[in-house]
Structure formats: C-alpha cells, structure tokens
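Everything numeric here is computed off the predicted structure, so don't read it as measured data. No hydrogens, no waters, no symmetry mates; every other heavy atom, side chains included, goes into these values.
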Amino acid sequence: MGMARSDRHVLVADELTAALHAHADPERAVQERRYLKSELEHLGVSVPSTRRCVRDRLRVHPVLDHDTLVGLATELWDQPLPAIHERRLAAVELLVARRTLLSEADVPLVERLLREARTWALLDPLAVGVVGAVVLADPAGFDPVVRRWATDDDAWLRRASLLVHLPGIRAGTPDRERLLALADPMLAEPGFVVRKAIGWVLRELGKREPETVVAWLEPRVTGAAGLTVREAVKHLPEADRERLLTARGR
C-alpha cells in the first residue's frame with residue numbers, strides 16, 4: 001500500500017490480535033463462518049467485543065495522525081489468506097473510530113478494502129461508517145468516486161455506492177437526486193447483494209421522506225425485485241405500503 005510496516009504497527013496489531021483471541025468462541029466461529037459463507041478464519045468474537053478491543057488499544061496506543069492510522073489498519077487487514085475475519089473487522093472499526101483523519105486521498109486504500117471484503121459484515125461498516133462519513137463531510141469531492149463505483153463490475157462496490165448515502169439520510173441531508181439516479185439502473189440486478197442495498201437505503205429514506213420514496217418507486221415497482229420492494233416500503237404509510245406491495249404482487 002505504499003507504506004512500510006513499522007515496529008509500532010506490528011506491536012499494536014499483535015496486541016490487538018491477542019485480545020481478540022482472548023474473546024474467541026470456537027462454536028460461534030463455526031456458526032458465523034457458515035452463516036457468512038466466509039473463506040476467512042473466524043475466531044467467533046462478537047462485533048461489540050471487537051469494538052471494545054479496538055477502544056482498549058486506542059487508549060493504550062492513541063492513533064492521532066493519518067499515517068499511523070493507515071499503517072495500523074493495513075497491518076491488521078493484510079495477512080496471507082485465510083486472513084482472520086476479526087482482524088479485518090478491527091481494521092474497519094479503527095478506521096471508523098478515526099475517520100476524520102481520512103480524506104479523498106485515501107480512496108485507493110478504502111476501495112481496495114471494499115473490493116477485498118467480499119462480505120456485508122466487513123463491507124457495510126466500511127461503506128457506511130468510513131466512506132459514508134467522509135462523503136457526508138465532502139459530498140462534492142467524492143461525487144465522481146461514488147458514481148464510478150455505481151457502474152463497477154464488482155457488485156460489492158455497487159452496493160457500497162448506495163450505502164455511502166446512509167449517513168446523509170440519517171443526518172437529514174440526503175443526496176436524494178444522486179442516490180435515486182444511481183439506484184435506478186440497478187433495480188433489475190439479479191443479485192441479493194445490490195437488491196438488498198437498494199431496499200435498505202429506500203427504507204431509511206422512507207422514514208423521513210415517505211413521499212419521495214413513493215413517488216420514485218411507484219412507476220418502477222413492477223420492475224423491482226420483491227426483496228427490494230418489501231424492504232423499501234417498511235416505513236411508508238399503510239395505504240402506500242399496501243398499494244405498492246399489491247402492485248408488485250407481494
């Protein structure tokens with residue numbers, strides 16, 4: 001990644017890995033790996049426990065500058081396959097915790113992690129908690145990146161291009177025009193990865209702007225996947241929800 005490993009990065013990553021192993025649950029690991037259809041090694045550490053391990057290490061080894069953040073996150077993420085899932089999740093949680101240190105210059109790093117994630121359990125917090133937060137702070141600067149991801153051959157990157165809009169929706173400043181323009185050509189996609197993401201962002205937008213979701217979805221409802229529609233209508237007024245579900249054929 002253009003950044004040499006340092007003794008400090010290795011030390012903190014090793015300490016964090018030891019902390020994760022202390023919370024390992026082999027039975028949970030088997031179930032999680034099966035559920036996620038993961039090719040990674042799983043320790044069976046819960047997401048809250050992983051976050052606590054990261055917070056504990058940050059108290060002992062504060063990460064206050066950009067290069068330290070990127071170096072440590074890269075050290076945690078990059079391992080010979082099969083990598084440890086929880087180490088990669090710790091890298092994500094570290095980036096979330098220090099996302100204000102990131103900028104448009106970090107797009108190559110984040111894009112690589114998104115491409116290598118290969119599971120919603122890693123990609124979604126990266127897309128929402130890291131990229132989405134940075135996009136919210138600099139929507140114009142990231143617009144070309146988000147639009148490029150939306151037409152990428154990788155379905156996971158297309159999913160990320162939608163999920164990065166969630167922080168803006170939740171903050172009450174949605175970039176609805178871009179979101180709906182990007183989602184439109186994806187409605188016919190056959191894969192669960194993107195179908196679920198469209199439904200998710202529409203569901204969140206529907207909590208705050210139900211009229212926007214109804215107006216956009218109604219003329220497209222017969223061409224949308226059932227999964228997408230069922231997710232999208234969850235928070236709409238009952239009459240709108242029933243009309244859209246009936247039009248889609250439930």
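Under the salt bridge (Lys or Arg N to Asp or Glu O under 4.0 Å) criterion, Glu189 pairs with Arg158, sequence neighbours left out. Judged as a ring pair (Phe, Tyr, Trp, His ring centres under 6.0 Å), and not counting sequence neighbours, His23 has no contacts. Partners of Glu27 by side-chain contact (heavy atoms from CB on, under 4.5 Å), not counting sequence neighbours, listed by chain and number: Asp25, Gln31. Under the side-chain contact (heavy atoms from CB on, under 4.5 Å) criterion, Pro167 pairs with Val128, Leu136, sequence neighbours left out. The side-chain contact (heavy atoms from CB on, under 4.5 Å) test applied to Thr212 returns Arg176, Leu180, Leu205, Glu209, not counting sequence neighbours. By the ring pair (Phe, Tyr, Trp, His ring centres under 6.0 Å) test, His165 is found to be paired with no residue, residues two or more places apart in sequence or in another chain being considered. Scanning for side-chain contact (heavy atoms from CB on, under 4.5 Å) contacts around Leu157 gives Glu111, Leu114, Arg115, Trp149, Asp152, Asp154, with sequence neighbours left out.
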Full working for side-chain contact (heavy atoms from CB on, under 4.5 Å) between Arg220 and Asp184: CA-CA 9 Å; Arg220 298 168 172 81; Asp184 200 2; 3.1 Å; yes
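Using a 4.5 Å cut-off on side-chain heavy atoms (C-beta onward), Asp124 and Arg159 make contact. A 4.5 Å side-chain heavy-atom check between Lys196 and Leu227 finds at least one atom pair inside the cut-off. Taking the side chain as every heavy atom from C-beta outward, Glu86 and Cys53 never approach each other to under 4.5 Å. The shortest side-chain heavy-atom distance between Leu123 and Arg118 does not fall under the 4.5 Å cut-off. Two residues are said to be in side-chain contact when any heavy atoms from C-beta on lie closer than 4.5 Å; Trp156 and Val194 fail this criterion. At least one side-chain heavy atom of Val135 sits less than 4.5 Å from a side-chain heavy atom of Val131. Within the 4.5 Å cutoff, no side-chain heavy atoms of Val92 are placed close to those of Arg88. Side-chain atoms of Leu202 and Glu231, non-hydrogen and from C-beta on, never get closer than 4.5 Å to each other.
Residue pairs satisfying the ring-ring contact (aromatic ring centres under 6.0 Å, His included) criterion with at least one member in residues 178-212, sequence neighbours excluded, are absent. For residues 84-131, the set of pairs meeting the ring-ring contact (aromatic ring centres under 6.0 Å, His included) definition, not counting sequence neighbours, comprises His42-His85. For residues 43-62, the pairs satisfying salt bridge (charged side-chain N to carboxylate O under 4.0 Å, His left out) are Glu15-Arg57, Arg51-Glu93, Asp56-Arg59, with sequence neighbours left out. Applying the ring-ring contact (aromatic ring centres under 6.0 Å, His included) test to every pair with at least one member in residues 229-250, sequence neighbours left out, gives no pairs at all.
When all heavy atoms are compared, the tightest approach of Val221 to Ala247 is CG1-CB, 3.8 Å. Contact detail for Glu41 and Pro82: the closest heavy-atom pair is N-CB, 4.0 Å. Contact record, Ala181 with Pro185: O-CD, 3.2 Å, taken as the closest heavy-atom pair. In terms of heavy atoms, Leu40 sits closest to Ala83 at CB-O, 3.3 Å. Listed here is the closest heavy atom pair of Leu182 and Ala150: CD2-CB, 3.7 Å. Nearest heavy-atom pair, Met186 versus Ser161, reported as atom, atom and distance to 0.1 Å: CE-OG, 3.5 Å.
In summary, Glu39 and Arg33 do not engage in a salt bridge, as defined by a charged side-chain N under 4.0 Å from a carboxylate O.
One finds the CD atom of Glu218 at 7.5 Å from the CG atom of Asp240 (value rounded to the nearest 0.5 Å). Here the CD1-CZ distance, from Ile198 to Arg203, works out to 13.5 Å after rounding to the nearest 0.5 Å. With rounding to the nearest 0.5 angstrom, the NZ atom of Lys234 is 10.5 Å from the CD atom of Glu204. Residue Leu245 holds its CG atom at 9.0 Å from CG of Leu236, rounded to the nearest 0.5 Å. Rounding to the nearest 0.5 Å places CD1 of Ile169 at 7.5 Å from CZ of Arg208.
Checking Thr17 against Asp14 by side-chain atom types alone, no donor-acceptor pair falls below 3.5 Å.
Checked by atom type and distance alone, the side chain of Asp138 pairs as donor or acceptor with a backbone atom of Gly141 at under 3.5 Å. The backbone N or O of Ser46 lies less than 3.5 Å from no partner atom in the side chain of Ser49, so there is not a single donor-acceptor pair. At least one donor-acceptor pair under 3.5 Å links the side chain of Arg87 to the backbone N or O of Glu75. Proximity of a side-chain donor or acceptor of Thr119 to a complementary backbone N or O of Leu122 within less than 3.5 Å is not detected. Checking side-chain atoms of Thr228 against main-chain N and O of Arg195 turns up a donor-acceptor pair under 3.5 Å.
Taking hydrophobic clusters as Ile, Leu, Val, Met, Phe, Trp and Tyr residues chained together by side-chain heavy-atom distances below 4.5 Å, Val47 shares a cluster with Leu166. Residues Leu64 and Val60 fall into different hydrophobic clusters, defined by Ile, Leu, Val, Met, Phe, Trp and Tyr side chains chained together at heavy-atom separations under 4.5 Å.
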Under 3.5 Å, sequence neighbours excluded: what are the donor-acceptor pairs made by side chains of residues 95-102?
{"unit_1": "Arg98", "atom_1": "NE", "unit_2": "Val63", "atom_2": "O", "d": "2.9"}
{"unit_1": "Arg99", "atom_1": "NH1", "unit_2": "Val96", "atom_2": "O", "d": "2.7"}

